[in-house]
Number of protein chains: 2
Amino acid sequence: MTHAACDHDHHHDHALDSNGIEARLAEAQALCLAAGERMTAPRLRTLELVLAHNGPIKAYDLIDRFHPEGAAKPPTVYRSLSFLEQMGLIHRIESLNAFVACHDHTESHSAAFLLCECCGKSEEVALNLSGITQKALESDFKVERVTIEAKGRCKACR
Amino acid sequence: MTHAACDHDHHHDHALDSNGIEARLAEAQALCLAAGERMTAPRLRTLELVLAHNGPIKAYDLIDRFHPEGAAKPPTVYRSLSFLEQMGLIHRIESLNAFVACHDHTESHSAAFLLCECCGKSEEVALNLSGITQKALESDFKVERVTIEAKGRCKACR
DNA sequence: TTGAATTATGTTATTACATAACGGGAGTAG
DNA sequence: CTACTCCCGTTATGTAATAACATAATTCAA
Ligand SMILES: [Zn+2]
Ligand SMILES: [Zn+2]
Ligand SMILES: [Zn+2]
Ligand SMILES: [Zn+2]
């Protein structure tokens with residue numbers, strides 16, 4: 001956590017331990033198998049790094065951490081990120097240029113995020129989109145995807 | 001309109017004419033005066049370019065168009081954009097890395113946008129934020145700003 | 001009216017974010 | 001085996017945004 005617009009500590013953590021990560025990776029592999037998609041080594045590695053990070057992580061941080069000895073090439077990571085996003089395993093946070101693991105294991109969620117500007121953590125919340133879909137209806141606009149991102153301060157950082 | 005994921009024309013236009021732009025610029029100047037802020041030449045020029053463009057426009061397009069004879073320096077435009085955004089005269093569209101003039105002349109609006117992926121236009125809609133604020137409340141999260149952007153197809157591009 | 005403080009701009013350089021293009025390798029269906 | 005598709009590694013480039021510092025304009029109080 002290298003954020004800090006504040007002085008307090010940011011150890012109010014909910015990071016996955018390595019067992020938790022392994023479990024999530026196994027789930028992801030199963031999901032890909034079921035979908036007829038290939039969970040390749042770079043994709044798996046990218047997902048592992050996203051899961052290991054406690055909050056939204058930047059593409060170039062993934063690039064830096066990709067290999068134990070040195071950085072990956074950008075396309076390697078960006079391609080993996082695109083794939084993982086299509087598979088619903090991660091989300092892109094538009095207002096941060098960052099990526100976060102999907103923590104909504106239920107079906108058909110419309111990802112919305114509470115983004116703490118103090119500690120950098122994100123919370124994914126399930127939201128019904130009635131407001132925006134109603135407006136879209138009124139405008140005869142066909143919605144494909146909705147981005148909802150709220151910035152502020154989390155409970156621990158209040 | 002250089003968008004086009006489609007073949008139809010995109011002349012379903014609502015661009016401001018030069019009188020309309022002049023009027024909006026005058027409003028903006030009055031607003032700054034009232035707020036004790038300075039509407040300087042680069043800020044006015046930046047706003048003029050945003051208003052003249054029918055839809056979200058990229059920062060570097062503004063940079064290219066800034067001077068009749070040649071491009072501006074990036075900080076000139078980015079600083080102006082920051083100012084205009086703070087004044088509520090424009091909005092940044094996070095999912096496009098672009099900027100659009102604020103078309104909501106009423107008070108206290110929570111900007112949400114319908115973004116056509118076909119013709120590139122945007123519609124600003126007023127939205128009540130009950131859904132996300134309710135979720136934030138449940139998480140004891142203090143919301144500062146909310147980004148809501150829906151992508152899809154507008155009526156004319158269906 | 002002068003001069004210090006503040007605010008805004010000009011300028012150079014750099015950092016951060018993302019994709020195009022191409023050649024090659026691994027899986028797969030016939 | 002062969003053709004096909006998908007994915008990967010690599011080089012290079014394109015695009016978006018800011019750091020840092022010097023200069024200029026404005027404000028305001030002495
Ligand atoms: Zn926090
Ligand atoms: Zn904090
Ligand atoms: Zn359209
Ligand atoms: Zn169209």
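This structure is a prediction, so every number in the text was calculated from the model and none was measured. Chain letters run A, B, ... following the sequence lines, proteins first and then strands; every chain starts at 1. Side chains are part of it too, since the values below use all heavy atoms of this structure and drop only hydrogens, waters and symmetry mates.
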Trainee: Can you run down the salt bridge (charged side-chain N to carboxylate O under 4.0 Å, His left out) pairs that involve residues 77-101 of chain A, sequence neighbours left out, and say none if there aren't any?
Mentor: A/Arg92-A/Glu94
Trainee: Run the salt bridge (charged side-chain N to carboxylate O under 4.0 Å, His left out) test against B/Asp64 and tell me which residues pass, sequence neighbours left out.
Mentor: none
Trainee: Taking transitive links into account, so neighbours of neighbours count too, which hydrophobic residues share a cluster with B/Phe66 at under 4.5 Å side-chain distance?
Mentor: B/Leu16, B/Ile21, B/Leu25, B/Leu31, B/Met39, B/Leu44, B/Leu47, B/Leu49, B/Val50, B/Leu51, B/Ile57, B/Tyr60, B/Leu62, B/Ile63, B/Val77, B/Tyr78, B/Leu81, B/Phe83, B/Leu84, B/Met87, B/Leu89, B/Ile90, B/Phe99
Trainee: Take atom CZ of B/Phe83 and atom C1' of C/dT7, then tell me their distance rounded to the nearest Å.
Mentor: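 Going from CZ in B/Phe83 over to C1' in C/dT7 covers 11 Å.
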Trainee: Just N and O in the side chain of B/Thr76: are any of them under 4.0 Å from OP1 or OP2 of C/dT9?
Mentor: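 Answer no for this pair, as no side-chain N or O of B/Thr76 is under 4.0 Å from OP1 or OP2.
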Trainee: Any idea which heavy atoms bring A/Cys154 and A/Cys119 closest together, and the distance?
Mentor: SG-SG, 3.9 Å
Trainee: Let me know the distance between CE of B/Met39 and P of C/dA8, rounded to the nearest Å.
Mentor: 12 Å
Trainee: My understanding is that only residues two or more places apart in sequence, or in another chain, count here; which of them pass side chain to side chain contact (heavy atoms under 4.5 Å, CB included) with B/Ser82?
Mentor: none
Trainee: Only counting residues at least two apart or in another chain, list the ones meeting side chain to side chain donor-acceptor pair (under 3.5 Å) with B/Ser95.
Mentor: B/Glu149
Trainee: Show me the donor-acceptor pairs within less than 3.5 Å that the side chains of residues 125-148 of chain B make with the rest of the protein, sequence neighbours left out.
Mentor:
unit_1, atom_1, unit_2, atom_2, d
B/Asn128, ND2, B/Ser130, OG, 3.3
B/Thr133, OG1, B/Leu129, O, 2.8
B/Thr133, OG1, B/Ser130, O, 3.1
B/Gln134, NE2, B/Glu138, OE2, 3.2
B/Lys135, NZ, A/Ala126, O, 3.2
B/Ser139, OG, A/Glu123, OE1, 3.0
B/Ser139, OG, A/Glu123, OE2, 2.8
B/Asp140, OD1, A/Arg158, NH1, 3.3
B/Lys142, NZ, B/Glu144, OE2, 3.4
B/Arg145, NH2, A/Glu117, OE1, 3.2
B/Arg145, NH2, A/Glu117, OE2, 2.3

Trainee: Relative to the 5' end of DNA chain C, which residue comes earlier, B/Ala41 or B/Lys73, by the nucleotide with the nearest heavy atom?
Mentor: B/Ala41
Trainee: Could you encode protein contacts along nucleotides 15-30 of chain C as a string, one character per nucleotide from 5' to 3', using B for base contact, S for sugar-phosphate-only contact and - for no contact, with a heavy-atom cut-off of under 4.0 Å?
Mentor: --BBBBB---------
Trainee: Salt bridge (charged side-chain N to carboxylate O under 4.0 Å, His left out) with B/Arg45: which residues, sequence neighbours excluded?
Mentor: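 In terms of salt bridge (charged side-chain N to carboxylate O under 4.0 Å, His left out), with neighbours along the sequence ignored, B/Arg45 is linked to B/Glu48.
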Trainee: Describe, as an angle rounded to 10 degrees, how the axis at the first end of the helix from C/dT1-D/dA30 to C/dG30-D/dC1 is tilted relative to the axis at the last end, five pairs per end.
Mentor: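 Inter-axis angle at the ends, rounded: 30°.
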Trainee: Calculate the interatomic distance between B/Arg43 atom CZ and C/dG10 atom P; express it in whole Å.
Mentor: 11 Å
Trainee: For the pair A/Glu124 (side chain) and A/His103 (backbone), establish whether a donor and an acceptor sit closer than 3.5 Å, ignoring hydrogens and angles.
Mentor: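 Indeed, once roles are kept as given, a pair shorter than 3.5 Å links the two residues.
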Trainee: Under 4.0 Å from any heavy atom of chain A: name the first and the last nucleotide of DNA chain D that qualifies, 5' to 3'.
Mentor: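 Contacts span D/dC7 to D/dT11, reading 5' to 3'.
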Trainee: Looking only at heavy atoms, what is the nearest atom pair of B/Thr76 and B/Ser80, with distance?
Mentor: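 Shortest heavy-atom separation between B/Thr76 and B/Ser80 comes out as O-OG, 3.0 Å.
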Trainee: Not counting sequence neighbours, which residues clear side chain to side chain donor-acceptor pair (under 3.5 Å) with B/Asp61? List them please.
Mentor: none
